[in-house]
Amino acid sequence: RRAVEADDDPMTCPANHDAPPSRDSLQTRFARVADVHDSHSVTQPAHVLASLGVGPTDVVSVLLPNLLQAQFAFWGAEAIGIVNPINFLLGAPQIAEIMNAAQSKVLITLGPHPALDIWSKALALRERVPSLGTGLVVGAEQPGTRSFDALMLQASPETGPGIGQR
């Protein structure tokens with residue numbers, strides 16, 4: 001049995017699953033995984049939001065299930081403005097109340113999905129949240145929205161003005 005070595009791939013598990021890794025090896029693995037997700041995961045979504053006019057006092061609401069894009073949205077919104085994560089299991093009236101209280105400028109949500117009823121709630125928010133200016137959709141672009149995924153692919157990973165400045 002061997003513990004995870006510092007030079008092991010951080011994205012793989014040790015070959016022997018019988019022996020649990022030590023606390024030190026888990027900390028090393030976590031630190032190496034964190035290095036894999038470098039600042040590009042923060043600056044690219046921050047640049048997307050900045051290009052939409054989001055500034056340090058603007059609120060970006062995120063209505064997403066546990067997806068990688070949700071993490072990018074959280075990090076980017078927090079770097080450029082204020083992130084407002086919302087539980088997608090709430091009803092549209094409750095979501096609208098939260099977004100109105102926060103004066104949300106941008107909504108990042110999931111497009112139509114066969115198992116999740118998030119998109120119909122997002123559509124209802126257009127008329128219930130007067131401050132909402134832009135809708136970004138994870139997945140295919142929908143009428144009146146832009147694709148968060150496509151914008152992320154186009155965004156520069158370079159650090160730009162305004163990121164991290166509050």
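A quick note: this is a predicted structure, and the numbers were derived from the prediction, not measured.
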- Message: Using modelled atom types and a 3.5 Å cut-off, is there a donor and acceptor pairing between side-chain atoms of Lys105 and backbone atoms of Ser61?
- Response: no
- Query: Are Ile98 and Ile118 linked, directly or through other ILVMFWY residues, by side chains that come within less than 4.5 angstrom of each other?
  - Reply: yes
- Transitive ILVMFWY side-chain link Val129 to Leu52, under 4.5 Å: yes
- Query: If you look at every heavy atom in Pro45 and Phe72, which pair is closest and at what distance?
  - Reply: CG-O, 3.2 Å
- Task: For side chain to side chain contact (heavy atoms under 4.5 Å, CB included), just list the numbers for Leu136 and Leu107, CA-CA rounded to whole Å, side-chain angles, deciding distance to a tenth of an Å, and then say yes or no.
- Result: CA-CA 6 Å; Leu136 296 178; Leu107 173 65; over 6 Å; no
- Closest heavy-atom pair, Gly55 versus Asp58, reported as atoms and distance to 0.1 Å, is N-OD2, 2.6 Å
- dist Gln44:CD -> Leu153:CG (nearest 0.5 Å) comes out at 8.0 Å
- Query: Any link between Val137 and Leu123 through a network of hydrophobic side chains (Ile, Leu, Val, Met, Phe, Trp, Tyr) touching at under 4.5 Å?
  - Reply: yes
- Message: Please evaluate residues Val60 and Ile82 with respect to the criterion side chain to side chain contact (heavy atoms under 4.5 Å, CB included), reporting the C-alpha separation (whole Å), side-chain torsions for both, the decisive distance (0.1 Å), and the verdict.
- Response: CA-CA 6 Å; Val60 177; Ile82 301 167; over 6 Å; no
- Query: Is Met152 reachable from Leu67 through a run of I, L, V, M, F, W or Y residues, each pair having side-chain heavy atoms under 4.5 Å apart?
  - Reply: yes
- According to the side chain to side chain donor-acceptor pair (under 3.5 Å) rule, which pairs have a member within residues 123-146, sequence neighbours left out? none
- Would you sort out whether Thr109 and Phe88 count as a side chain to side chain contact (heavy atoms under 4.5 Å, CB included), showing the intermediate values? CA-CA 9 Å; Thr109 191; Phe88 68 90; over 6 Å; no
- Message: Please check: side-chain N/O of Gln71 versus main-chain N/O of Leu68, any donor-acceptor pairing under 3.5 Å?
- Response: no
- May I ask you to test the Leu132-Met99 pair for a side-chain heavy-atom distance under 4.5 Å? yes
- List the steps and the verdict of side chain to side chain contact (heavy atoms under 4.5 Å, CB included) for Val106 and Val54. CA-CA 8 Å; Val106 175; Val54 174; 3.6 Å; yes
- Query: Within the distance-only criterion (no hydrogens, no angle test), does the side chain of Gln103 pair as donor or acceptor with the backbone N or O of Asn100 below 3.5 angstrom?
  - Reply: yes
- Note on the structure: Note: Pro65 and Ala70 closest approach over all heavy atoms is O-CB, 3.6 Å
- Are there more than 12 heavy atoms of other residues, nucleotides or ligands under 6.0 Å from atom CG of Asn87? yes
- Query: With Phe74, which of Val62, Ile108, Asn84, Leu64 fulfils side chain to side chain contact (heavy atoms under 4.5 Å, CB included)?
  - Reply: Val62
- Does a sphere of radius 6.0 Å around CD in Glu97 hold more than 12 heavy atoms from other residues, nucleotides or ligands, not counting ones at 6.0 Å or beyond? no
- Message: Can a donor-acceptor pair be found, under 3.5 Å and without considering hydrogens, that links the side chain of Ser104 to the backbone of Val59?
- Response: no
- Query: Donor-acceptor pair, Ser147 side chain versus Gly139 backbone, under 3.5 Å?
  - Reply: yes
- Under 4.5 Å between side-chain heavy atoms, hopping through other hydrophobics if needed: is there a path connecting Val83 to Leu49? yes
